[in-house]
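Note that the structure is a prediction, hence the values are computed from the model and not measured. The first residue of the sequence shown is numbered 1, and numbering continues consecutively from there. Note: hydrogens, waters and symmetry copies are ignored here, and every other heavy atom, side chains too, is used.
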Amino acid sequence: MSTYTIAVHAEFLLSSFTRSLRARNLSERTVDTYTESLRQFADFLVRQGMPTQLENVSREHVESFIEDLLGKWKPATTNNRYRGLQTYFGWLVEEGEIKVSPMARMKPPRIPESPPDILDPDDLRKLLKACEGQGFDERRDMAIIRILLDTGLRRSEMAAITMSDVDLDQQTLRVIGKGGRVRGVPYGRKAARDLDRYLRVRQQKPHGASPKLWIGKSGPTTPSGIYQVVRDRAIQAGVGHVYPPLLRHTFAHMWLSSEGAEGDLMRLAGWHLGED
């Protein structure tokens, strides 16, 4: 086994590890989270004066790192860092870089059960009212927020929708989710009405020929642009900080409150075990 320190070795193997994660079709967000976990762990070992050679890293050192994280971050964040390290050490074993993972018998930190935040009905009405109007921005933003509320899509999924993914008559969207999984997602009548209104003004804009559904002044709307639409309309409505995951959780809450089946919710929202 090489005597590279874990910090150097992590950088040396990072490209290989990253390629292995992408070969498993994991999202870029997951890849970034896992690689950031390695860097944080390496920095922790150096700060604490703990062994930095991979073969000398033990369960005790990993547990100290996890304990340190729990004192600074939420359990869910710490759990993500734990999974990143666990995946990395497991990969090192598979690749023959180490014989046994120091996390072989460890258990992840417990995440307390707590209901996610949702948007209350009064704030929801204010948010929609802030989008009223006949201008391009108003019609686009209304359609975006209606679709998010009706489908629970992630902002990355929203930004990736193309014109050919839209079926106005059947009121469905073709969505490519995490891991490249494709699913059909229905939306309601009001969303269909607002989407139709947006499409009528969209064709008159400079980027109206773009294959992407959502456009702005500079071209197709990015995931960051979707976030900004929701954030800015919430500020305008005076309802505080609202972001796409909050609308996703609100969608799930409304679905279950209407006695929708949990299995159908998981399928429609593209949820899989261990994901948001």
When hydrophobic residues are tied together by side-chain contacts of less than 4.5 Å, even through go-betweens, does L54 share a cluster with V100?
no

Report the distance from atom CZ of R231 to atom CG of L246, rounding to the nearest 0.5 Å.
15.0 Å

Ring centres under 6.0 angstrom apart (Y88, F17)
yes

Identify the two heavy atoms, one from E157 and one from G177, that lie closest to each other, and give their separation to 0.1 Å.
OE2-CA, 3.3 Å

Distance in Å, Y187 OH paired with Q170 CD, rounded so as to fall on 0.5 Å steps
9.5 Å

State whether the number of non-hydrogen atoms from other residues, nucleotides or ligands found under 6.0 Å of E67 atom CD is greater than 12.
no

Residues S15 and T18: side-chain donor-acceptor under 3.5 angstrom:
no

Is there a path of hydrophobic side-chain contacts, each under 4.5 Å between heavy atoms, that joins Y227 and L213?
yes

Side-chain donor-acceptor pairs under 3.5 Å in residues 233-242, sequence neighbours left out?
residue: R233; atom: NE; partner: D141; partner atom: OD2; Å: 2.7
residue: R233; atom: NH1; partner: A130; partner atom: O; Å: 3.0
residue: R233; atom: NH1; partner: Q236; partner atom: OE1; Å: 2.8
residue: R233; atom: NH2; partner: D141; partner atom: OD2; Å: 3.0
residue: Q236; atom: NE2; partner: A130; partner atom: O; Å: 3.3

Modelled atom types, side-chain donor and acceptor of N56 and Q53, under 3.5 Å:
yes

Is it the case that more than 12 heavy atoms not belonging to E28 sit under 6.0 Å from its CD atom?
yes

Between M163 and V201, is there shared hydrophobic-cluster membership here, with clusters defined by ILVMFWY side-chain heavy atoms closer than 4.5 Å?
yes

Looking only at heavy atoms, the pair that brings R140 and V229 closest together is NH2-CG2, 4.1 Å

Quiz question: by atom type and distance under 3.5 Å, do the side chains of S164 and T162 form a donor-acceptor pair?
yes

Quick one: does H61's side chain have a donor or acceptor within less than 3.5 Å of a partner on S58's backbone?
yes

Flag, side chain of Q48 to backbone of L45, donor-acceptor distance under 3.5 Å
no

Check against side-chain contact (heavy atoms from CB on, under 4.5 Å), I215 and R202:
CA-CA 8 Å; I215 60 173; R202 178 190 182 281; 3.7 Å; yes

K99 vs V93 side-chain heavy atoms within contact, under 4.5 Å:
no

Please determine which of L128, L124, D123 meets the side chain to side chain contact (heavy atoms under 4.5 Å, CB included) test together with K126.
D123

Can you tell me if R105 has over 12 outside heavy atoms packed within less than 6.0 Å of its CZ?
no

Is the F41 ring parallel, tilted or perpendicular to the F65 ring (thresholds 30°, 60°)?
tilted

Interatomic spacing from OG1 in T78 to CG in L70 - rounded to 0.5 Å:
4.0 Å

Please determine whether side-chain contact (heavy atoms from CB on, under 4.5 Å) holds for the pair I147 and I145, giving the CA-CA distance in whole Å, both sets of side-chain angles, and the decisive distance to 0.1 Å.
CA-CA 5 Å; I147 292 293; I145 290 174; over 6 Å; no

Does R200, at its CZ atom, have more than 12 non-hydrogen atoms belonging to other residues, nucleotides or ligands within less than 6.0 Å?
yes

Within the 4.5 Å heavy-atom criterion, are P223 and I226 side-chain neighbours or not?
no

Same cluster for V31 and F89 if Ile/Leu/Val/Met/Phe/Trp/Tyr side chains link at under 4.5 Å?
yes

Residue pair I66 / P109: nearest heavy atoms and the distance that separates them:
CG2-CG, 4.4 Å

If you define the side chain from C-beta out and look only at heavy atoms, does anything of M50 sit under 4.5 Å from F44?
yes

Step through the shown structure and confirm whether more than 12 heavy atoms of other residues, nucleotides or ligands are within 6.0 Å of CD on Q204.
yes

Heavy atoms only: give me the nearest A192-L168 pair and the separation to one decimal.
O-CD2, 4.1 Å

Heavy-atom closest contact (S37 atom, L85 atom, distance):
O-CD2, 4.0 Å

Can you check whether R81 reaches T33 side chain to side chain, under 4.5 Å on heavy atoms?
yes

Short question: side chain of T250, backbone of L119 - any donor-acceptor pair under 3.5 Å?
yes

Validation row: I144, M158 side chains within 4.5 angstrom (heavy atoms):
yes

Please report the interatomic distance CG(L149) to NZ(K190), rounded to the nearest 0.5 Å.
11.5 Å

Mind checking whether L148 and V230 have side chains closer than 4.5 Å, heavy atoms only?
yes

Derivation of the salt bridge (charged side-chain N to carboxylate O under 4.0 Å, His left out) call for D32 and R29:
CA-CA 5 Å; D32 290 343; R29 179 180 177 184; over 6 Å; no

Would you indicate whether the side-chain heavy atoms of D196 and R139 approach each other to under 4.5 Å?
no

dist R39:CZ -> Y34:OH (nearest 0.5 Å) comes out at 16.0 Å

Taking side-chain hydrogen bond (donor to acceptor under 3.5 Å, both in side chains) as the definition, give me every residue that meets it alongside K107, ordered by chain and number, with sequence neighbours left out.
none

Does L247 share a hydrophobic cluster with I118, counting links as ILVMFWY side-chain heavy atoms below 4.5 Å and allowing steps through other members?
no

Between H207 and S210, is the side chain to side chain donor-acceptor pair (under 3.5 Å) condition met? List the steps.
CA-CA 6 Å; H207 299 284; S210 171; over 6 Å; no

Side-chain donor-acceptor contact under 3.5 Å, E60 with S64:
no

Does the side chain of V175 come within less than 4.5 Å of D165's, by heavy atoms?
no

Between T151 and F251, does the side-chain contact (heavy atoms from CB on, under 4.5 Å) criterion hold? Intermediate values first, please.
CA-CA 7 Å; T151 63; F251 156 75; 5.5 Å; no

Can you measure from OH (Y82) to CD (E63) and round to the nearest 0.5 angstrom?
9.0 Å

Is it true that atom CZ of R193 has more than 12 heavy atoms of other residues, nucleotides or ligands lying nearer than 6.0 Å?
yes

Test: R197 and E138 ion pair at under 4.0 Å
no

Is there a side-chain contact (heavy atoms from CB on, under 4.5 Å) between E55 and I98 once you walk through the steps?
CA-CA 7 Å; E55 65 268 32; I98 58 176; 5.6 Å; no

Looking at D194 and A143, what are the two nearest heavy atoms and their distance?
O-CB, 3.7 Å

Between K72 and D68, is the closest basic N to carboxylate O distance under 4.0 Å?
yes

